[in-house]
Each structure stands twice: as C-alpha cells, then as structure tokens.
Chemist: 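Okay, handing you the structure first.
What you see below is based on every heavy atom in this structure, not just the backbone, and it leaves out hydrogens, waters and symmetry mates. Lettering of chains follows the sequences in order, A, B, ..., and the numbering in each one begins at 1.
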There are 2 protein chains.
Amino acid sequence: MNKIEGGVTVAQGFKAAGIYAGIKKKKKDMALIYSTVPAVSAGTFTTNLVKAAPVLWDLKLIKERETAQAVVLNSGVANACTGEEGEKNNYKMALAVANALNIPVETVLTASTGVIGQQMPIKVIEEGSKILADSLEDSLIGGLLAAEAIMTTDTYAKECAVTFQIGDTTVTLGGMAKGSGMIHPNMATMLGVVTTDLAITKELLQEALSADVKDSFNMVSVDRDTSTNDSLILLANGQAGNPVITEKNEDYLTFCKALHFVTTELAKKMAADGEGANKLFECIVYGAKDKEQAVSLSKSIITSNLVKTAICGNDANWGRILCAMGYAGVEFDPYKVDLFIESSAGKLKLVEDGMATAYDEEFATKILSQKEVRASADIKMGNYSATAWGCDLTYDYIKINGDYRS
Amino acid sequence: MNKIEGGVTVAQGFKAAGIYAGIKKKKKDMALIYSTVPAVSAGTFTTNLVKAAPVLWDLKLIKERETAQAVVLNSGVANACTGEEGEKNNYKMALAVANALNIPVETVLTASTGVIGQQMPIKVIEEGSKILADSLEDSLIGGLLAAEAIMTTDTYAKECAVTFQIGDTTVTLGGMAKGSGMIHPNMATMLGVVTTDLAITKELLQEALSADVKDSFNMVSVDRDTSTNDSLILLANGQAGNPVITEKNEDYLTFCKALHFVTTELAKKMAADGEGANKLFECIVYGAKDKEQAVSLSKSIITSNLVKTAICGNDANWGRILCAMGYAGVEFDPYKVDLFIESSAGKLKLVEDGMATAYDEEFATKILSQKEVRASADIKMGNYSATAWGCDLTYDYIKINGDYRS
C-alpha cells in the first residue's frame, strides 16, 4: 500500500467539483462527485433519531439499488427538521444533478451539512447543480475543490488516498471528509465520501464499510453531539479492472486494510481540526478483557470536558482521566491502572497501579504542549485494545458555537 | 412550609464551623457539622467506579451504624486515587475530629473535594480538626462559614432552609452544597449536607433521600463528568420533639416535600454556579410516555455542549436542542415536538410539530439574555415530565479548567 496525494478523484473514472453556489455568504458551498460508470455503493449513516432529508434519501437508495453514480453535497444548510418541504427540496437537488449529468435521479446520492431547521434555498441549489456538472474534472484540483466545498467550521480540507495491489492490478482508493462540530459519530459519521476503482460486490463493500467505521470514524468525538446528518458513502466503480472480489479472501483483506488506512487518516484529521482545537488527542486503552471495554474507556476519556480542558492547558491532571474511566460504565480495578502520556517530546508514566509516580511536571507539560498528544492506559485485564481520537476544548470552541449562526 | 434564612445550623441541636486550615493557599478549606446528640444518618454517593477514600468510609458507616454525630469536610484535596495511604489519612481526619469532640470515630462521617491523586496534608488537617471543634457554633454564621469552606471553584456559598409542621411540632431542615465542576451527579452528587431536627427512623430517612436525589441533584449537570467524591449526607437528630415517623404517612410526605424543596434549591444553585456559568439553564420535557423518557431527553439537552454554547451566545439555535433529543436513545416523533423558551423577558414558541415557527429572533435573543432561562419541550406522547438543570458553557469554563491546578 502506498499513500498518494489527493482525495476522491484519484481512483480511475471519478471526477469531482466544488463551487460557490450562493448558499453561504462567501465560501464554497456545493460539491459533486461523479463516477463515469455506475459504481456499487455502500453507506453508513447517523443513528440520531432526527435524520436529515438527505440521510433518509440515501438510506433508501443504498438499500434498494445496486449502484449509484453521483454524490451531491452542500454546506450551509443541513436540511434537517425541515419536514416534507425538506424532502421535496432534497429530491429537487438530486434531480437537478441527474438532469445535468443525464443519469437517473435514483443514482444521485445527497448529503447536506450546516444549520438545522432552515429550508434549502432551492433555486440557488438547482442553479449550482448545473454549474457543478459543468465543472467536473478528474484532476487532484477537482477533488480538493470538492473537499473544500463541504467545509463548515473546518479550518482545512481533509483528504487521503492510497494505491494497493490486487494480484497484478493496481487499485486506487481516496476519500474526503468534513468535521468539525456536532462530531460524535455513532454508527456512521459526519460527511465523508470515499471512492475506489476496485471491482467488488455490493454486499462485501457494505460489509467492509460497516466493519471499518467501528474502528475509524466511530472512535472520533469532538463534542459528544451526534449529528442529524452523519453520512459516509463509499463508491466502487470497478475501473481498476481487477477480477471482482466476491468473497472474503486475501484481496478483500487487502482492500479492508487500505480502506482502514484512509478512513482512519480522515478521522484523525477530523479530530485534530475539531472546532477550536489546538491539537489532536489520541487515547489508547489496552490490556482490556474485551473490545467493548476498551472502546468504552477510551471514548469516555476523549469525551470528558475536564480531560479536554486539561489537555488544552497542557496540564497532566491525570485524576480527571481516571475519573472519566471510572464513570465509563465498565468494570476494572482503578488500582491496577498504568497511565502514560506521549508525544514527539517524549513519553512519561504518570500513574502506576492507580497511584501517581514521582514524575516531572515540567516534562509532562512539555509532552502535552505538542500538536499531537497521546494518553495510553493499561488496565491489565486481557489482550484487547481500542484507540479513540478527540481534541482539546478551547476558548475558540465557545466562540465558534456561541454565535455560529451569526 | 416556610423558607427561612440559613443552612446546616438552623435545625435544633446542630452546630457548624468553617476555617482556613492551610490545605489551600488562602481560602477556607475545612468544615465541620456536629449534632449535640446522635442523629440517624442517610447518604447517597457517587456511582463512579473510582471512589474517594471518604466515600468508602461513609458508605461503610452509614450501612453499618444507626447514627452519626459529625461530618468533617475539606476542600483542596479530593483524597481519591490515593490508595491505602489515602484511607489511613481519611481515618486520621475522622479520628482527630472524634478526639476533639469526645465522640467515637465511627460516628464521624467525612467528605473531601479538590484535586484527585494527591495525598492529604494530614498534619495540617489534624491541626485544623481541633480548631474546627473549638469553633463550632449554632448560629447562622456557623452554617455559612461551613458552606464557604467546602467551595472549590464555586463563586458563592449554597444554603437553603425551611420549617414545616408535623402535627403541632415545628420541624426545621436546612442544607448546604458545593459545585461547581465535575458535576454530573449519578445516584448522588457533589458534596452536600442536610440537617434536620425531625425524629424519623433510619430506614425512612434513607428511603426519602434516595428517592429525592433522582429528581433533584441527579437532574443537574455542569459538565457530564461524574465525580469520584459525590456525597450527600442527611442527618436527623430528633430534637424537634415530634413523635418519631415510622411509616409512610402524611407526616412522611410533608417531610419529603420539605426535603425536596431544599435539595432542589441547592441543586439549582449548583447549576447556576456551574464553572464559568453566566446563567441557569432549566429544561422541562413533558408529554412523555414515562418518567425515564422525560429524564433521558431533558438530561440530553442540558448536557449538550452545542446547546450550552448556544445558550451562552443567547442564540435560539433550536436545531441543536432537537438534535440532542434525537441522540438521547429514546423513541419519539421529531415531527410532533413543540419547543418553547422562557425567562423573565417572556415566552416564545420556537418549534411546532418539529418545524420552525415564524418567531422573532430578536425577542428570542432577549429571552435568552436573562440570568435564568428555561427551554421546554412537549413531545405529545403521554403525561409524564422531568426537569433538569444545567448552565451555559463559556470561555471561563475553559479558563478555570485549563489551569485548575496552578
């Protein structure tokens, strides 16, 4: 597997575009991804009871249809809590794209992100759809523009891509995603699209994606708020020319590994660019008796406001980490826990068997002052582990969300 | 029932003191509450798996013994994650008080709050215990000093007291509590002590307290972090002279009502004085099909960081409220929800049947700009309701917790 530049346009037969349509005040606000041939599709979506219109649309299409050919996305308006009018507008958005590309409306997936409860400015979006279709290109720029157009409070575009070998065939896989608030994916995630020219059956594609998100996007939390719009879409158009993957053989595992690399990279970028965040906060819990225990503990740590503010302040206040583990709802012995912090500045054991070591506070602060910080806890019960990603909680989170709509 | 001035010293036979012993840098840091006669005792404590030494001590004493006579509390050090040495220090603190008051050590309950993981400065605490015993007084001042001495990041002391009639007897009940971070009580709460001169059996006292916290302290959240030290202790010394309450008759209900008034007032003060908070945010969910549903929804709303920052910014961003309801994990129909905001400035319906009303944004901002703000949601499924209390999430929360230990 090789990491390469780019995002959703690197796989053969995929084009993309990102434009300013006029939904937002100044920034790009619509993106389109197009496969020149029908692609088998898979998706995972929010578990929030309140589901946005595009989520309902995609759920239906992905369930009922083998393939899709385009994904249109907009930022600025979430099209959630918008009732029947919202569903009609979502259909109109898909239809405008379908007409511009001369493909059936049922092959156009949709995704929206932005303010909840406002109706879509549908005329603007219909106009934008035509421009998008005319702007499609298979270059790296096309992919980047699309990644930029779905940003809301994100500070940079999130892309990742790899190539990998299936037999003699080189397969390419790339994706994009956006954060960066209302991020606490549960079963699915924020907005993300991953494209690949791999040939694979729809069943296996969905199975690979569903398994993957558990260890990638679902392990990210910026603010514990599971959004109404979380969507992750995976398209595979077969243009690489490999023999179609139809069973869970070694090729399937190779694909899963590549997929996981890309989704994990995107997930980490999402965490690091959490609203107001100064740094990526990674947390590994190991020595767990099963996977669920490790997941519960690591997520409890990265979602604790008190831990997040301590990380913001470069303060090795490990008691807050043990406290967050204590209310995670799983059993363990606090007096068996070892706790470490680590970054490019070094590694330090803060806690041994639940009690403070004689660690150097100054060194601890130096470790925590870096852009990527890791806390790891060994609970000495078994051989399972889990990694979760979050970020620090800062003044800017309050600033961004205290007047998001203004 | 009459609301009166004061806290833990208003009931007959109770004395209190609060002093600066030297645990913290400048502020008062130790408090003592003493009943001149043994009092039946009840308590509820944190559900965090990581339990502080004083919590373990109190759990044992309250389970094994009918009565207690004193509660010694300190702020500055939590005595949590401190192992055997922490348990020994906790015992020494209780013993110092017992010796100074000439009562058995098993009648001295303890409570600590502050930084997790540091050992107690036990010499300072033993010295302080003697001074505390000498400083006891049954005046309102004694109660206030005790309430002040348990403050950490609280900005004001929290007291509440009432009198009520049991037959011809006037009974007095008063309490104190402290917040204001790591506040997400679960089964019990922060530190709180309530005293009453009521005569009642231990069994009924505990039953009343356990039932009460579900609707008072357990409905408060500042930051979703359930502390390692949450303790609420209730002492009833019988000095009012009423016939002992031994069954759930009308007198018992009168007592429960008085208790609930005091605990709810203290809980609301705790929420309003949440770390960095500018305002009290109350949330009522009604029309629920059962109590659990109403509790889940109201707590999900008051704990959402995005809702809390919107409240901070006086922004009627109701989509975040519906989103928080959507991930609460209970079933309801989003398109049947009516949503209101209310304060001293007026009341406004923001959402009807899940969709925005044509409300006046300016008026909404005015409503949200007050010191006490209420959001209420009608989900139109039944007749149950629940009220939860929280606060806004502000810059100061980050400031306080980014460098709490320094």
Chemist: With a 4.5 angstrom heavy-atom cut-off, could you sort out which part of B/Val351 is near chain A: side chain, backbone, both or neither?
Modeler: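 It is neither, since no heavy atom gets under 4.5 Å.
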Chemist: How long is the gap from CE on B/Met325 to OG on B/Ser298, to the nearest 0.5 Å?
Modeler: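 Rounded to the nearest 0.5 Å, the CE-OG separation comes out at 9.5 Å.
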Chemist: Sequence neighbours left out, what passes side chain to side chain contact (heavy atoms under 4.5 Å, CB included) with B/Cys312? Give chain and number order.
Modeler: A/Ile398, B/Asp392, B/Thr394
Chemist: Would you mind checking which part of B/Glu331 comes under 4.5 Å of any heavy atom in chain A, side chain (CB onward), backbone (N, CA, C, O), both or neither?
Modeler: both
Chemist: Looking only at heavy atoms and a cut-off of under 4.5 Å, which of A/Gly83, A/Ala328, A/Ala356 has the most pairs with chain B?
Modeler: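 Of the candidates given, the most pairs with chain B belong to A/Gly83.
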Chemist: With the threshold set at 4.0 Å, does a side-chain nitrogen-carboxylate oxygen contact exist between B/Lys380 and B/Asp333?
Modeler: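 Salt bridge between B/Lys380 and B/Asp333, a charged N being under 4.0 Å from a carboxylate O: no.
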Chemist: My understanding is that only residues two or more places apart in sequence, or in another chain, count here; which of them pass ring-ring contact (aromatic ring centres under 6.0 Å, His included) with B/Phe340?
Modeler: none
Chemist: Given that the side chain runs from C-beta out, which part of B/Tyr395 has a heavy atom under 4.5 Å from chain A: side chain, backbone, both or neither?
Modeler: both
Chemist: Nearest 0.5 angstrom please: A/Gln119 CD to A/Glu85 CD, how far?
Modeler: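 Rounded to the nearest 0.5 Å, the CD-CD separation comes to 3.5 Å.
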Chemist: Which of the residues B/Pro334, B/Cys81, B/Gly117 is involved in the greatest number of heavy-atom pairs with chain A at under 4.5 angstrom?
Modeler: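 Heavy-atom pairs under 4.5 Å are most numerous for B/Cys81.
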